Amino acid sequence: MHFRNVISRTNFLYRLNENNKLEVNYVYTSSRRTGNDPYGKKRIISGLSLASLHAGTVTALVGPNAAGKSTLLRAMSGLLPATGSMLLGESDLMQMELKKRASHLTFMPQSIPQDVSLSVIEAVISALKASPLDGLNVKNSEVYDIALKTLNRIGIADLALSPLNQLSGGQRQMASLARSVVREPKVLLLDEPTSALDLKHQVQVMELTSALAREGRIVVVVLHDLNLAMRWADQILVMQKGQITSSGAPEEAITPQIIKEVYHVNVRVERCSQGQPQVIIDGM
Ligand SMILES: Nc1ncnc2c1ncn2[C@@H]1O[C@H](COP(=O)(O)OP(=O)(O)OP(=O)(O)O)[C@@H](O)[C@H]1O
């Protein structure tokens, strides 16, 4: 593909910067607005810096509930207001209008709304056509084939004609993943893609995540399962209270001390008989 050639030649370096700072000013607009309580304004992430994320690698973003993981991904994708900069090669994605940003970077939300009355393939085609197809070198006549190819890759081609609103939670999650990858973005942000999946599909999605990265993409994936993160991520970022508390290769980032500090749980990190590091829970 066009993107892959570009990526393999230039070794994209992506970093959040303006002296490596990203600041998210999160403005909450209540849908249940009442009386004199117009908009709550909350700052979730302030002055956060990320290490460089390299093409070809998977970065797992882990941390307790409400740490700010989704907020960070949503800010990076432009769904929440944020200041700072986010450089992909020479381009600052933060400065790009949303449609242009979406041609470089896609975000998979935690869930697709249940009331969308499209078939799976229609939903994937709509994601493909959400912004101009020019950068993708795709003709309108090819979108159906591309969408079907993506469904095949994700392993849900048999669901192509099923209405989204009749799928199980896990099936909907796989459809959401298909929507995120169909444009073959350089940067893929996945928010808990395995949370509703059975063991086989968790493995399938993590293998796919890894394969997508190896093709030259930058993949950031929010995970709650530390063992999935240890097994599949090249680096792990541990987030707590809107900041990165620990980062590095899996065994550097995830230690019993860090887990105790962040989750208040006692664990051991041990290698299994095949040499894979694993988190073993001892208790609170
Ligand atoms: N729509 C919203 N309105 C107001 N505050 C919000 C909203 N969404 C998230 N927040 C707040 O932002 C903070 C970070 O939430 P966020 O969803 O980013 O955390 P998270 O690390 O992804 O959590 P989880 O693991 O539970 O999904 C929390 O304090 C949360 O209450």
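Every number for a ligand or one of its atoms is a count from 1 in the order of the listing. Please read all numbers here as calculations on a predicted model, not as lab measurements.
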Legend entry - Glu192 and ligand 1 - part of the residue with a heavy-atom distance under 4.0 Å: side chain
Indicate every side-chain donor-acceptor pair of residues 258-265 with a distance under 3.5 Å to a residue at least two apart or in another chain.
residue	atom	partner	partner atom	Å
Lys260	NZ	Asn266	OD1	3.1
Tyr263	OH	Gly63	N	3.1

Inset, instruction - Give the contacting part of Met239 toward ligand 1: side chain, backbone, both or neither, where contact means a heavy-atom distance below 4.0 Å. - result: neither
Inset, instruction - Could you tell me whether ligand 1 has any atom less than 4.0 Å away from a heavy atom of Gly242? - result: no
Inset, instruction - Using a strict cut-off of 4.0 Å, indicate which atoms of ligand 1 neighbour a heavy atom of Gln110. - result: 27 (O)
Legend entry - N-O pairing of Glu192 and Lys69 below 4.0 Å: no
Inset, instruction - Enter the distance from Arg231:CZ to Cys272:SG here, rounded to the nearest 0.5 Å. - result: 9.0 Å
Legend entry - Numbering as shown, the atoms of ligand 1 that approach Ala67 to under 4.0 Å (heavy-atom distance): 19 (O), 20 (P), 21 (O)
Inset, instruction - Looking only at distances, please establish whether an N/O atom of ligand 1 is found under 3.5 Å from an N/O atom of Gly68. - result: yes
Inset, instruction - With heavy atoms of His224 as the reference, note each atom of ligand 1 found under 4.0 Å away. - result: 25 (O)
Legend entry - For Ser70, the ligand 1 atoms whose distance to one of its heavy atoms is below 4.0 Å: 17 (O), 18 (O), 20 (P), 22 (O)
Inset, instruction - Using a strict cut-off of less than 4.0 Å between a Lys/Arg side-chain nitrogen and an Asp/Glu carboxylate oxygen, indicate whether Lys149 and Glu142 qualify as a salt bridge. - result: no
Legend entry - Option set Asn65, Leu72, Leu61, criterion heavy-atom distance to atom 24 (P) of ligand 1, minimum: Asn65
Legend entry - Neighbour count >12 (heavy atoms, 6.0 Å) for atom CD1, Ile281: no
Inset, instruction - May I ask you to decide whether Glu207 forms a salt bridge with Arg153, counting only side-chain N to carboxylate O separations under 4.0 Å? - result: no
Legend entry - Contact atoms of ligand 1, heavy-atom distance to Pro64 under 4.0 Å: 21 (O)
Inset, instruction - Can you measure from CG (Leu189) to CE (Met108) and round to the nearest 0.5 angstrom? - result: 12.0 Å
